[in-house]
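Because the structure is predicted, anything quoted here is derived from the model rather than measured.
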Amino acid sequence: MGVPERDAGVLVQEVMSDSEKDYDVAIVGGGHNGLTAAAYLARGGLSVIVLERRDVVGGAAVTEEFHPGFRNSVASYTVSLLNPLIIAELELVRHGLTIVERPAANFWPVDEKRFLLMPYGLAARQKAISQFSAADAQSLPAYDAALERAAAILRDLAGRTPPNAGGGWIEAIRHAGLGGRLAGLSLEDKRLLIDLFTKSAADFLAGWFESEVVRAAFAFDGIVGAYAAPSTPGTAYVLLHHCFGEVNGKAGVWGHAVRGMGAITQAMAAAALEAGAVIRTGAGVGEVITAGGRAAGVRLTNGSSVRARAVAANVGPKLLFRDLISPDAVPEDTRKAFLRQKTGSGTFRMNVALAELPDFTCRPTVDGAAGLQHGAGIIIGPTIDYLEMAYLDARRDGWSREPVVEMLIPSTLDATLAPDGLHVASLFVQHVAPRLPNGRTWSDASEREAFADLVIETVNRHAPNFKASVIARQSLSPWDLEERFGLVDGDIFHGQMGLDQLFSARPLLGYADYRMPVEGLYLCGAGAHPGGGVTGLPGRNAAREMLRDLRGRWRR
């Protein structure tokens with residue numbers, strides 16, 4: 001079976017109709033978690049079909065040409081959380097994946113003269129922080145150690161199936177070891193976890209650092225993809241969630257997938273195909289078919305159907321129960337509980353083609369060459385108050401007057417993305433309201449473009465050549481993210497990651513073990529534990545539970 005590629009480097013597969021064939025598992029959505037689940041299920045001996053609405057696989061992790069000669073990761077944009085077990089077990093490197101490390105972690109322009117450039121390595125980071133506070137530099141080793149201890153626990157929990165509240169004695173037996181692990185923690189680490197799971201990022205960081213700039217630098221991770229202020233309880237956990245990654249075996253390092261994020265999902269699709277899975281693009285699912293109280297396949301939007309013993313949904317749980325499950329298939333109170341799930345990341349996504357690199361006033365470019373700052377994550381959000389006001393503005397007016405902007409320039413690391421001498425940049429922007437107030441709507445292109453103009457001006461205040469260097473831009477509002485990728489309210493995590501939607505409560509208390517309230521229906525996307533980010537873990541974990549059920553090794 002041929003596997004042609006688009007110019008964007010995203011795997012596409014053309015296959016004949018399989019509507020008359022029975023499968024063990026039909027997977028709704030060809031995003032990275034769906035492809036991961038497909039690869040594991042097929043390797044486990046099950047017959048699997050992946051059904052993707054768009055003409056490319058990858059979901060939000062795709063690379064596309066957005067202007068002639070300029071290609072970039074369209075939605076998701078950076079690598080760190082992709083689980084190393086998945087990279088190894090699915091042999092993604094053999095299937096073409098190459099990840100290069102950023103030369104520095106992050107760069108924060110503060111004002112016309114000051115900046116914080118955070119390199120890798122403890123001593124170098126202490127030196128950078130000491131420019132703002134000698135005391136904060138001294139606090140850094142203990143902070144790093146505390147976060148690493150917590151991240152180690154989180155890495156372990158992320159690969160497990162959460163205890164399913166209400167599951168009875170079988171669930172209690174399955175998770176006795178987990179309880180023992182947590183009970184065996186030191187009192188200090190128990191306090192640390194309580195702080196991280198309950199406090200705001202601002203309150204947690206105030207216990208470690210005194211400089212507003214330093215606190216803001218760390219607090220940024222607490223609001224990424226969270227429609228929340230750094231003062232919002234629970235954002236300390238979001239901070240931790242973004243700290244348990246690694247690149248090429250190096251913890252805490254961020255990187256770039258050569259040829260963009262589509263290279264990750266292309267490698268995953270290749271692994272799934274090699275294991276025997278079938279992938280159909282241009283195959284939108286309109287309904288999950290139920291018969292005799294259990295999932296029996298799916299009906300496509302073109303009217304054809306695919307029969308399967310089980311269905312795995314790599315879509316958000318709110319979308320699943322709003323659009324794909326018949327209301328009479330589950331109790332009304334259960335359906336309403338899924339539809340009440342909190343969604344909305346408060347994010348706006350842009351890709352821009354650049355004639356030259358941005359020249360920051362606080363750290364000028366030398367002879368137009370890329371500096372360390374250009375290969376880092378460039379973050380405009382210099383103080384805690386700035387981050388706080390960005391959220392408050394969005395809650396009141398629909399978007400921030402001074403938005404928080406994270407910009408990456410992947411073409412400094414990857415020559416495949418832009419013509420020689422030119423560049424592409426990814427801009428991940430917060431905060432915008434998922435739904436605008438006063439009758440306005442993101443489906444109105446003028447709203448989207450007005451905010452995009454503001455984003456360009458925001459960067460231009462720190463790099464005065466930026467606006468003039470923009471050759472072309474692609475802008476995606478929360479509405480665009482939902483229309484293009486099925487992200488309800490533009491939620492990049494398939495559901496907010498607050499305290500009420502984590503671990504045993506993700507996506508909903510009673511359904512944390514990837515099994516949904518319809519027998520034979522599973523959730524394998526970011527709306528399941530451990531949540532969002534390009535990790536692959538929801539897909540891997542869900543596949544493990546499906547293999548237990550469908551191969552008879554475990555019965556609920």
Side-chain angles (χ1 to χ4, degrees), residues 9 63 65-73 77-80 98-121 123-125 127-129 131 213 217 220 247-248 250 253-261 263 350-382 405-429 455-474:
T63 307
E65 186 176 72
F66 66 96
H67 185 71
F70 294 87
R71 302 166 60 248
N72 203 16
S73 306
Y77 60 99
T78 191
V79 183
S80 181
T98 300
I99 300 174
V100 293
E101 302 161 23
R102 293 186 197 169
N106 289 312
F107 167 67
W108 288 268
V110 178
D111 51 35
E112 290 187 354
K113 295 183 178 180
R114 297 182 303 159
F115 63 86
L116 175 58
L117 178 60
M118 198 77 85
Y120 295 121
R125 293 167 68 233
K127 183 178 179 180
I129 287 174
Q131 300 174 74
V213 172
F220 171 74
V247 166
N248 299 332
K250 300 176 183 178
V253 173
W254 290 82
H256 167 75
V258 175
R259 295 180 293 114
M261 297 297 284
M350 294 181 67
N351 296 294
V352 295
L354 297 175
E356 61 181 353
L357 290 168
D359 191 5
F360 293 94
T361 305
C362 62
R363 187 181 166 92
T365 300
V366 178
D367 297 326
L372 203 58
Q373 70 273 22
H374 295 112
I378 301 162
I379 301 170
I380 297 173
V405 181
E406 180 183 17
M407 179 167 66
L408 276 74
I409 310 175
S411 51
T412 61
L413 305 174
D414 181 359
T416 71
L417 300 179
D420 289 346
L422 306 180
H423 291 279
V424 295
S426 303
L427 284 76
F428 183 82
V429 189
V455 173
I456 298 294
E457 294 289 353
T458 301
V459 177
N460 204 66
R461 287 202 301 270
H462 295 274
N465 71 323
F466 183 72
K467 182 178 180 179
S469 73
V470 174
I471 299 169
R473 73 189 191 192
Q474 176 188 50

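- Atom CG of Leu354 is separated from atom CZ of Phe466 by 5.0 Å, given to the nearest 0.5 angstrom.
- Aromatic ring pairs are classed by plane angle as parallel below 30°, tilted from 30° to 60° and perpendicular above 60°; the pair His374 and Phe360 is tilted.
- Separation of atoms CH2 (Trp108) and CD (Glu406) is listed at 9.0 Å; rounding is to 0.5 Å.
- Minimum interatomic distance between Pro119 and Ala124 (heavy atoms only, all atoms of both residues): CG-CB, 3.4 Å.
- Rounding to the nearest 0.5 Å places CZ of Arg71 at 8.0 Å from CZ of Arg259.
- Taking all atoms of both residues into account, the shortest heavy-atom contact from Gly375 to Thr412 is CA-OG1, 3.9 Å.
- Between the side chain of Thr78 and the backbone N or O of Gly255, at least one donor-acceptor pair lies under 3.5 Å.
- Across every non-hydrogen atom of Asp111 and Cys362, the tightest pair is O-CB, 3.3 Å.
- Atoms CZ and CG, on Arg125 and Asn106 in that order, are 10.0 Å from each other to the nearest 0.5 Å.
- Between the side chain of Thr98 and the main chain of Val258, no donor-acceptor pair closer than 3.5 Å is present.
- In this structure, Val424 and Val352 have side chains that are not in contact, with every pair of non-hydrogen atoms separated by 4.5 Å or more.
- Shown here is Glu112, whose CD atom has no more than 12 heavy atoms of other residues, nucleotides or ligands within 6.0 Å.
- Residues Pro358 and Ile409 meet the side-chain proximity criterion, which asks for heavy atoms closer than 4.5 Å.
- Annotation: side chain of Ile456 is in contact with side chain of Met350 (closest heavy-atom distance under 4.5 Å).
- Checked by atom type and distance alone, the side chain of Ser469 never pairs as donor or acceptor with a backbone atom of Ala355 at under 3.5 Å.
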Exercise for the section: Please lay out, stage by stage, how Asn351 and His67 fare under the test side chain to side chain contact (heavy atoms under 4.5 Å, CB included). Expected result: CA-CA 10 Å; Asn351 296 294; His67 185 71; over 6 Å; no
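- Smallest separation of non-hydrogen atoms from Ser80 and Trp254: CB-CE3, 3.2 Å.
- Side-chain contact check for Ile99 versus Asn248: some heavy-atom pair is nearer than 4.5 Å.
- The closest side-chain donor-acceptor pair between Glu101 and Tyr120, if any, does not fall under 3.5 angstrom.
- In this view, His256 and Val100, Pro410, Leu413, Asp414, Leu417 satisfy the side-chain contact (heavy atoms from CB on, under 4.5 Å) rule, not counting sequence neighbours.
- Among all heavy-atom pairs drawn from Gln373 and Leu117, the shortest one is CA-CD1, 4.2 Å.
- Between Pro464 and Thr361, the shortest heavy-atom distance links the atoms CD-OG1, 3.4 Å.
- Put simply, the side chain of Val459 does not reach to within 4.5 Å of the side chain of Lys467, judged on heavy atoms.
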Practice task
Starting from the C-alpha separation in whole Å, work towards a yes-or-no answer on side chain to side chain contact (heavy atoms under 4.5 Å, CB included) for Arg363 and Leu372.
Solution key: CA-CA 10 Å; Arg363 187 181 166 92; Leu372 203 58; 4.0 Å; yes
Exercise for the section: Please report the C-alpha distance between Met118 and Ile129 in whole Å, then the side-chain angles of each, then the deciding distance to 0.1 Å, and finally whether the side chain to side chain contact (heavy atoms under 4.5 Å, CB included) criterion is met. Expected result: CA-CA 8 Å; Met118 198 77 85; Ile129 287 174; 4.0 Å; yes
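- Taking the side-chain hydrogen bond (donor to acceptor under 3.5 Å, both in side chains) definition, one finds that Thr365 meets it with Asp359, sequence neighbours left out.
- In this structure, Glu457 contributes its side chain and Arg461 its backbone to no donor-acceptor pair below 3.5 Å.
- Taking the side chain as every heavy atom from C-beta outward, Thr458 and Val429 never approach each other to under 4.5 Å.
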Handout entry: side chain to side chain contact (heavy atoms under 4.5 Å, CB included) between Leu408 and Arg102, worked out
Key = CA-CA 10 Å; Leu408 276 74; Arg102 293 186 197 169; 3.5 Å; yes
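- With sequence neighbours excluded, the residues forming a side-chain contact (heavy atoms from CB on, under 4.5 Å) with Ala353 are Phe66, Phe70, Ile471, Ala472, listed by chain and number.
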